[in-house]
Protein chains: 2
Amino acid sequence: MTGTVAAPGDDPLLLDRQVCFPLYAATNLLNRLYGPVLKPLGLTYPQYLVMLVLWEDEPQTVGSLGARLYLDSGTLTPLLKRMEAAGLVSRTRDAEDERRVLIGLTEQGRALRADALHVPETIAGGRSPEGLDELREGVRKLVAMLAAPGAEG
Amino acid sequence: MTGTVAAPGDDPLLLDRQVCFPLYAATNLLNRLYGPVLKPLGLTYPQYLVMLVLWEDEPQTVGSLGARLYLDSGTLTPLLKRMEAAGLVSRTRDAEDERRVLIGLTEQGRALRADALHVPETIAGGRSPEGLDELREGVRKLVAMLAAPGAEG
DNA sequence: ATCAATTATATTGCGTACAATATGAATGAT
DNA sequence: ATCATTCATATTGTACGCAATATAATTGAT
């Protein structure tokens, strides 16, 4: 039986059996969906997430932003520099601990919140919210599972 | 009430109210999880997805790969060139229609399937499969919704 | 007080993603 | 047959995302 492939029901490599592929595809599609909506605000999707975090609590260190968004300085540093160049955030060394950099909002960054209020509604569009709450909870549980290093089960 | 922010329960901009953020975070975490597992095979995660598709059906055009993975030539062309350079796939103009490029597997690419069989199990690790089927279905429905242009509901 | 270990951020290099554009091949109306 | 249109892929430019490494500040053991 050389070259025989497992029966469809048992083949672990079928694309449609992967949990991760729909996540991957959904994230790409969402990015494409957010792009045109966020562009008038001068934001990319990860930049929008940073703004969401800062609108909740500010200033914050690069590290606490990363902990919230599951990103590290390799991603955040250049992103935050672009946002600083765009006039949305400020980056200042923490006088208490010179290793830390505090990210705060500029007036322009604070003002942008009003323009962003319509974004969730625009993204939701005519789509029904049915199942979205469960979906969000399901994915959140997955994130918690994946984020816990060495978590079993 | 100038400057007043909506009550927490009503604020549409709270990070924890976003459906998209858990998806985004989960995809990033999964990428980090797959990285070390796929590295010995010489694959990145999107390259692994391409291999999954080709192991199912081969050869395929760039366009049909993109339709299956929700990616366009801007992403696939350089990715496939790297996979060609790595000796995993072949890229040949379709003689029937010179616009198309057929992507096939090399012997090495076909042989890699045996090494990849352990990947799903390794990724699943000790994690319980509970809820994963529902989650996959939930995300798949979301993908179908997002992929349908102008879909309502 | 000293210095090894730790912590927080930055940098480098590589590989995606995608919008916008370009190029060349097939199609179709006339 | 001609040529505008459409189609399939490639290219360019910008912005992530991450592993690996670097740098500077703080902590902690002695």
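The structure displayed is predicted, hence computed values, not measured ones. Chain naming here is simple, since letters A, B, ... match the order of the sequence lines and numbering starts at 1 in each.
Listed by first and then second residue, the salt bridge (Lys or Arg N to Asp or Glu O under 4.0 Å) pairs that reach into residues 28-56 of chain A are A:E56-A:R68, sequence neighbours excluded.
Proximity of B:K81 to the phosphate of D:dT11: a side-chain N or O atom is located under 4.0 Å from OP1 or OP2. Side-chain N/O atoms of A:R91 include one lying less than 4.0 angstrom from OP1 or OP2 on C:dA10.
Across all their heavy atoms, A:I103 and A:R91 have their closest contact at CD1-CG, 3.6 Å.
Rounded to whole Å, atom P of C:dA26 lies 10 Å from atom CZ of B:R100. Note: CG (B:L30) to P (D:dG17) measures 14 Å, nearest angstrom. Spacing between atom OH of A:Y34 and atom C1' of D:dA15 amounts to 18 Å, rounded to whole angstrom units. Atom P of nucleotide D:dG17 and atom CG of A:L65 are separated by 14 Å, given to the nearest angstrom. Look at CG on B:L102: it is 11 Å from P on D:dA10, rounded to the nearest Å. At whole-Å resolution of the value, CZ in B:F21 and P in D:dG17 are 11 Å apart.
The shortest distance between side-chain heavy atoms of A:L69 and B:F21 falls below 4.5 Å.
Here the side chain of B:T27 pairs a donor or acceptor atom with the backbone of A:L23 at under 3.5 angstrom. In this structure a side-chain-to-backbone donor-acceptor pair under 3.5 Å is present from A:R17 to A:D11.
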* Could you go through the side chain to side chain contact (heavy atoms under 4.5 Å, CB included) check for B:N31 and B:Y45 one step at a time? => CA-CA 7 Å; B:N31 239 318; B:Y45 183 64; 3.5 Å; yes

* Structure fact -> Quick tally for nucleotides 21-27 of chain D: nucleotides whose base has a protein heavy atom under 4.0 Å get B, sugar-phosphate-only ones S, the rest -, giving ----BS-

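Atom CG of A:L65 is separated from atom CG of A:L54 by 5.0 Å, given to the nearest 0.5 angstrom.
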Distances under 3.5 Å only, N/O to N/O: pair up the protein atoms with those of nucleotides 13-19 of chain C.
| residue | atom | partner | partner atom | Å |
| --- | --- | --- | --- | --- |
| C:dT16 | OP1 | B:T44 | OG1 | 2.4 |
| C:dT16 | OP2 | B:Q47 | NE2 | 2.4 |
| C:dT16 | OP2 | B:R82 | NE | 3.2 |
| C:dT16 | O5' | B:R82 | NH2 | 3.1 |
| C:dA17 | OP2 | A:Y24 | OH | 2.3 |
| C:dC18 | OP1 | A:N28 | O | 3.1 |
| C:dC18 | OP1 | A:R32 | NE | 2.7 |
| C:dC18 | OP1 | A:R32 | NH2 | 2.9 |
| C:dC18 | OP2 | A:R32 | NH2 | 3.2 |

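Side-chain atoms of A:S73 and base atoms of C:dA10 include a donor and an acceptor less than 3.5 Å apart.
Using a 30° and 60° split on the angle between ring planes, B:Y48 and B:Y34 fall in the tilted class, from 30° to 60°.
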